[in-house]
Amino acid sequence: MKLELSAAPAPLRPLSDRSAWHLRANAPVVGWLLATVVVAVGHRWIPASPWLLVHLLLLGAVTNAICVWSQHFTDALLSRRATPASRRWQVARLVLLNVAVAATVAGMVTATWVVTLVGAVGVGIAVAAHGTALWLQSRRALAARFRVCVAFYVAAAWLLPVGAGLGATLARGLDEAWHVRVVLAHAGFNLLGFVGLTVMGTLLTLWPTMLRTRMADDAPRAARTTLVLMLVGLAGGIVGVLVAVPPVAALGLATYLAGVLVSVRPLLTAARRRPPATFATWSAACALGWLLGSLATLTGVLALSGDWATATVRGGIVTVPLVAGFAAQVLLGALTYLVPVVLGGGPAAVRSTTAVLERGAVVRVVLFNGALALFVLPAPSLVHVLASLTALGALVAFLPLLVGAVLAHRRARRTPFVPPTPDDVAAAHALGREVHDRAGGRQAPPVEAVTGPRRKGLAVAALSVLLLVAAGGVALDPAALGTGSGATSAAAGAEGTVAATGRTTTVEVEAANMRFVPSEIEVPAGDTLVLVVTNTDTTVHDLALDTGRTSGRIAPGETETFEVGVVGRPVDGWCTVVGHRQMGMVLTITPTGAGAVPDAAGPDAAAPGTAAPAGGAGDHEGMAGTDHGASGASGGAGPSAAEDLDLLATPGKDFAAHPAELPPASAETVHRVRLPVAEVVTEVAPGVTQRLWTFGGTAPGPTLRGKVGDRFEITLVNDGTIGHSIDFHAGALAPDGPMRTIAPGEELTYTFTATRSGVWMYHCSTMPMSAHIANGMFGAVVIDPPDLAPVDREYLLVQSEYYLGPQGGEVDMDRLATGDPDVVAFNGYANQYDADPLPARVGERVRVWVLPAGPNRGTSFHVVGGQFDTVFSEGAYRLRPGNAEAGGSQVLGLAVAQGGFVEMAFPEAGRYPFVSHAMIDAERGAHGFFAVTG
């Protein structure tokens with residue numbers, strides 16, 4: 001009999017105290033990074049997601065990492081050994097920090113200011129105590145060459161509590177002018193102060209260590225100069241921001257940038273000795289590049305902006321580069337280098353851990369930074385979406401690699417340690433190869449050496465992925481590119497019967513303020529005309545010609561060149577975006593001289609008003625042909641959907657009416673809402689569909705409700721294909737910035753405080769405003785009067801009109817111009833509460849809020865068989881129970897955009913119709929029922 005014995009697995013060598021400590025101390029960093037990833041993936045469904053993305057990363061992950069690693073570097077720079085007592089105090093500070101961060105996040109998400117304040121105070125105390133501990137350790141230590149680096153950490157830690165205090169102030173609420181300035185000061189203290197100072201103080205010593213080269217001799221002197229310039233510049237910049245003087249802020253930021261550049265020189269010297277060749281070093285270098293680029297851009301924006309509103313709008317371009325390109329990238333690069341070092345376990349374990357963390361280094365660095373560049377540069381919104389997903393994927397790859405590195409470290413610790421021989425060490429230094437671990441005749445997993453052709457091949461592969469991202473975004477939204485692909489469309493030419501001269505005439509055209517300038521172009525007959533179209537407006541435009549050629553969609557600030565061809569007859573042009581042609585965005589091209597044809601050349605020439613052919617911008621996603629053709633429809637060729645309108649028809653069996661019930665105002669005083677623009681094809685009457693532009697996917701958009709004194713922070717996200725904006729009547733503020741039009745793919749945060757009660761309209765204010773409102777972009781904000789009495793039921797009815805384009809198309813602009821709607825509806829659907837009546841019971845008090853959103857018609861709200869004993873209109877009670885006249889009211893008369901409410905009690909069971917008593921509107925769909933039971 002043969003007896004087989006299996007060898008027991010080798011026991012793990014115990015972790016050193018330092019390694020075990022760092023595993024525990026860095027766990028919160030990983031936890032906050034995971035939370036950031038979760039929010040990034042699910043941001044559409046998570047409240048306050050933009051705030052969470054920034055603060056989970058910076059306040060959670062980065063702040064924890066700084067508090068852990070600045071202590072580690074201080075100990076190393078001061079040749080200090082941590083004692084059990086100092087570790088206990090550090091643990092206490094870290095516990096307080098993470099509890100406080102969690103409280104701050106919870107307070108912001110739930111809009112509970114007291115919780116946010118407690119969290120901000122806790123963060124400030126924890127980080128200030130950390131800085132004070134480092135300062136005391138520095139004072140007690142012997143003179144050290146790089147003690148100045150500890151001064152970076154101390155200054156940074158003492159700046160954060162000020163930034164945290166400003167953050168708590170922002171959460172409490174400020175008026176719009178101060179809110180913007182305090183946001184920038186808050187970012188200055190936290191991002192440029194706390195994070196920026198810490199990173200620069202660390203890179204001076206960590207960078208040459210990561211490169212495995214010696215430090216420049218002048219590095220300590222450069223560090224001292226850098227610290228002074230950064231602190232002086234930061235102070236000047238924040239003062240300039242708070243006093244709202246952009247040039248002063250620009251001067252301060254330029255000083256800060258100069259301080260960073262002083263330390264860049266010794267860093268470049270080290271890189272010339274030994275160029276970056278790992279993920280850690282490449283990431284740190286790219287992060288520093290994003291910091292320099294962002295600082296230079298922001299300095300230029302502040303210097304060149306004539307007013308603070310302009311500077312604020314333009315300055316937003318650096319938010320993503322600073323948070324993701326700089327802060328997130330430098331964090332992951334530093335962790336990639338430091339984790340294997342502090343875990344230790346011998347050369348084999350360090351090599352194994354490093355090898356895992358360095359996997360795919362070239363691809364990850366190129367993908368992240370390339371995708372971030374695509375996201376920052378002007379591009380179609382779908383390109384931005386795909387680029388952001390690519391960048392997120394490249395960043396998230398660090399987390400599974402970190403798990404793999406820890407497992408590899410455990411495996412390596414099972415292998416008995418044998419010190420390397422002198423020959424091994426010599427070979428490692430000479431060839432860049434790893435040291436062999438000869439125990440058991442095995443070799444430790446090698447650190448991947450990515451050099452020469454292989455590195456270039458991986459970089460090319462990553463660049464190919466980025467090209468696919470850009471091409472995929474364009475393919476999914478071709479008209480948004482504005483490349484003039486439609487310029488080669490086959491249609492009736494502009495040459496007529498003229499002979500070509502062989503000459504080319506180039507004309508520059510500007511799209512501005514809903515006009516083409518010049519709007520009349522003369523060109524010698526027979527010349528080839530080339531148009532250079534620049535969009536200097538705030539919204540998307542294009543230029544389509546009756547020849548079928550088109551510029552494609554042109555984003556604000558972009559220029560497109562396309563060839564008209566040989567011109568021998570008059571040519572008409574217009575912008576195809578809905579309503580823009582009717583606003584006056586038209587252009588004519590007239591040939592001059594011998595051979596010119598005065599009118600369109602016979603039957604072969606396209607008639608003015610012909611929509612652009614398929615494939616051009618004028619046919620993109622139903623946006624074609626704001627000229628109307630024979631049917632008079634806008635939004636695409638085809639007969640008006642009014643031909644299919646039957647107001648006596650009943651909806652299908654799966655029909656669900658728009659909820660009219662109005663929930664009571666919540667106890668929160670700060671309301672944060674993310675409001676995406678969505679283009680949806682939806683039914684507006686039985687068998688009739690329209691492609692609506694909506695806030696949040698419905699028309700009317702989501703109802704907001706609060707009390708006098710409440711603060712609203714609304715983030716408008718333009719997921720549409722054209723420019724949009726938003727105007728809240730419930731707020732009183734200068735419209736220049738918060739109500740500006742934003743291009744597809746952009747976001748805008750609109751903040752206001754409700755100072756007066758009423759039911760207020762919000763709507764898109766992009767021109768032509770009538771088209772945007774008529775096509776679904778409206779909603780209501782209900783602000784309760786003080787001491788509003790409770791009732792048994794509350795309903796909200798928003799009246800609006802439809803001027804029907806073709807089935808599935810947009811608003812008919814010609815019909816809209818008449819002011820004669822096809823449909824008048826409560827809450828977006830004709831007669832929907834006939835099919836699904838609003839419930840009530842006999843004797844219950846029922847309050848009905850009413851808002852006519854228009855765009856053209858008011859309402860005379862009436863309940864058949866009912867009488868109103870309470871009427872509140874435009875901020876005041878017109879009638880209340882128990883009045884001396886024993887009076888009542890039969891209608892609530894409101895002009896367009898006015899609002900109010902009525903109250904009543906139903907005397908007996910039955911079906912009570914409610915209508916607009918402008919009877920033609922009731923017959924067009926402004927009709928419904930209360931179903932009252934006993």
Side-chain angles (χ1 to χ4, degrees), residues 62 65-66 69 72-73 76 146 149 195-196 198-216 219 222-223 260-261 263-293 321 324-343 347 350-370 372-373 391 394-395 397-398 401-402 405 428-429 431-434 446-452 454-459 462-463:
V62 173
I66 286 175
W69 292 104
H72 172 82
F73 288 122
F146 285 99
C149 294
V195 179
T198 301
V199 169
M200 293 311 301
T202 301
L203 284 180
L204 287 166
T205 55
L206 182 61
W207 175 250
T209 305
M210 294 164 70
L211 293 174
R212 290 182 170 80
T213 186
R214 65 183 180 83
M215 194 177 303
V260 175
L261 290 173
S263 284
V264 167
R265 192 169 66 84
L267 300 183
L268 289 175
T269 300
R272 282 196 294 269
R273 292 197 190 103
R274 188 159 188 170
T278 63
F279 177 82
T281 52
W282 283 327
S283 293
C286 291
L288 188 57
W290 283 109
L291 175 63
L292 293 173
F326 169 57
Q329 193 165 208
V330 79
L331 171 64
L332 298 192
L335 289 177
T336 298
Y337 175 78
L338 292 169
V339 166
V341 172
V342 299
L343 288 179
V350 172
R351 288 194 307 276
S352 300
T353 309
T354 303
V356 175
L357 288 173
E358 287 285 338
R359 285 177 184 166
V362 175
V363 174
R364 289 158 57 203
V365 170
V366 173
L367 277 183
F368 175 76
N369 289 281
L372 188 57
L395 280 183
F398 172 80
L401 290 177
L402 180 62
H429 283 295
L431 304 176
R433 299 173 60 190
E434 70 282 356
V447 176
E448 182 181 12
V450 183
T451 58
R454 187 179 176 204
R455 180 188 301 170
K456 293 179 181 177
L458 291 172
L463 289 172

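The first residue in the sequence is number 1, and the count goes up from there.
Contacts of Arg214 classified as side chain to side chain donor-acceptor pair (under 3.5 Å), with partners at least two apart in sequence or in another chain: none. Residues meeting the ring pair (Phe, Tyr, Trp, His ring centres under 6.0 Å) test with Trp290, sequence neighbours left out: none. Applying the side chain to side chain donor-acceptor pair (under 3.5 Å) criterion to Ser283, with sequence neighbours excluded, gives no partner residue.
For the pair Phe326/Val195, a side-chain contact is recorded, criterion being any heavy-atom separation below 4.5 Å from C-beta on. Using a 4.5 Å heavy-atom threshold, the side chains of Phe398 and Thr336 count as touching. Counting heavy atoms from C-beta outward, Cys286 and Val365 have side chains that approach closer than 4.5 Å. Side-chain contact between Trp207 and Thr281: present, with at least one pair of heavy atoms (C-beta onward) separated by less than 4.5 Å. When side chains are defined from C-beta on, Met200 does not count as touching Leu204, because their heavy atoms never get closer than 4.5 Å.
Annotation for Ser263 and Ala222: closest pair OG-O, 3.8 Å, computed over non-hydrogen atoms. For the pair Pro275 and Arg272, the tightest heavy-atom approach, listed with the atom from each and the gap, is CD-O, 4.4 Å. Among all heavy-atom pairs drawn from Leu357 and Ala405, the shortest one is CG-CB, 3.7 Å. The two residues Gly201 and Cys149 come nearest to each other via the heavy atoms O-SG, 3.5 Å. In terms of heavy-atom proximity, Phe368 sits nearest to Ala324 at CZ-O, 3.6 Å. Arg364 and Ala394 get closest at one heavy-atom pair: O-CB, 3.8 Å.
Rounding to the nearest 0.5 Å gives a distance of 10.0 Å between CD of Glu358 and CG of Leu401. From Phe73, atom CZ reaches atom CG of Leu206 across 4.5 Å, with rounding to the nearest 0.5 Å. Rounding to the nearest 0.5 Å places OG1 of Thr278 at 8.0 Å from CZ of Arg212.
No more than 12 heavy atoms of other residues, nucleotides or ligands lie within 6.0 Å of CZ in Arg265, so this atom counts as exposed by the packing criterion.
Ring-plane geometry between Trp69 and His72 is classed as perpendicular, the angle between the planes exceeding 60 degrees on a 0 to 90 degree scale with a lower cut at 30.
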